[in-house]
Enquirer: 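Right, I'll just put the structure down here and ask away after.
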Amino acid sequence: MKDVHIHFHKQPYTIDVVQNIIEVGKKRGIDEFYLLDHTHKFQEFSFLYQLKKDEFTFNHYKNKKYIPINEYLDFIDLVKRSGLEEKYNVKLLFGLEVCYFKEFEKELKEELSKYKFDFLIGSVHHIDGFAFDLDKESWIGRDVDKLYDRYYSIMEDLIKSKLFNHLAHPDSIKIFDYFPSFSLTSRYEKIAKLLFEYHMTTENNSGFDRYGLTNIGLNDEFYDILVKNKVTIYKASDAHDYTYIGNKFECLR
Ligand SMILES: [Zn+2]
Ligand SMILES: [Zn+2]
């Protein structure tokens with residue numbers, strides 16, 4: 001079984017960490033590991049996060065320390081030469097989780113073309129400058145209907161950009177239990193049709209468990225619409241440390 005979304009995050013780039021990842025994963029039935037980090041970890045992508053559109057988001061990123069992406073790329077080489085895949089009889093793939101911004105599509109394309117990752121995941125983490133998944137308080141006073149409407153419009157642009165082979169957590173906007181007043185059925189249908197048309201996969205993500213959400217994973221309606229449109233859905237832990245790999249997969253469809 002695959003876990004298509006596993007972060008290194010704050011764990012160091014060492015062989016020991018990869019061994020821990022494999023050992024925990026194997027106990028939970030995982031033998032294909034999609035390892036990645038966020039673009040907001042790397043200097044080469046820091047241009048994405050200088051937007052001053054939203055004060056809360058700007059303050060979050062303004063003192064962030066970025067590392068050169070070569071630290072990650074050198075580590076990938078090291079792991080690929082380490083023989084870990086043969087030793088444990090597993091598959092290790094390396095990629096990036098990319099924050100998608102329509103206004104930086106050209107620059108993103110140019111930067112991404114410099115690297116040869118096994119996979120690229122596209123994510124909507126920002127809505128018109130607002131990083132909506134950081135803090136529940138930051139939602140107070142916002143127009144929830146408008147946020148949902150823009151979230152799915154940005155996701156459509158993400159898919160059409162052809163920059164990615166996989167879409168992350170397509171309902172992450174529910175993270176703090178805010179829901180729109182209108183039905184999302186037509187938006188789900190549109191996303192599903194586009195994913196199929198652009199040959200992209202997506203995921204059922206158990207990562208919300210870390211935020212204490214009980215309703216983890218895709219809602220049934222969205223899941224069924226994706227299946228009906230023949231979109232491939234993989235399970236994903238969104239683990240930010242190795243103890244969460246394959247976490248709660250038994251609760252996901
Ligand atoms: Zn994400
Ligand atoms: Zn993630």
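None of the values given here were measured: they were computed from a predicted structure. First listed ligand is number 1; within each ligand, the first listed atom is number 1.
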Enquirer: Are K193 and E189 within salt-bridge range, i.e. N to O under 4.0 Å?
Expert: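 A salt bridge links K193 with E189.
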
Enquirer: Among side-chain atoms of D54 and T57, is any donor-acceptor pair under 3.5 angstrom?
Expert: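 Yes - a donor-acceptor pair under 3.5 Å links their side chains.
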
Enquirer: Compute the angle centred on the Zn ion (ligand 2) spanning OE1 of E97 and NE2 of H7, and express it rounded to 10 degrees.
Expert: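 Seen from the Zn ion (ligand 2), OE1 and NE2 are separated by roughly 90°.
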
Enquirer: Just wondering, is there an N, O or S atom on H169 that's nearer than 2.8 Å to the Zn ion (ligand 2)?
Expert: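 Coordinating: no.
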
Enquirer: Would you name the N/O/S atom of D238 that lies closest to the Zn ion (ligand 2)?
Expert: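 Output for this pair reads OD1.
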
Enquirer: Is the distance from the Zn ion (ligand 1) to some N, O or S atom of H125 under 2.8 Å?
Expert: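 H125 does place an N, O or S atom closer than 2.8 Å to the Zn ion (ligand 1).
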
Enquirer: For the pair R150 and D143, find out whether any cationic side-chain nitrogen is under 4.0 Å from an anionic carboxylate oxygen.
Expert: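 Not counted as a salt bridge, because no side-chain N and carboxylate O are separated by less than 4.0 Å.
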
Enquirer: Let's go through V18 and F8 carefully: what are the C-alpha distance in whole Å and the side-chain angles of both, what is the deciding distance for side chain to side chain contact (heavy atoms under 4.5 Å, CB included) to 0.1 Å, and is it a yes or a no?
Expert: CA-CA 9 Å; V18 182; F8 286 98; 4.2 Å; yes

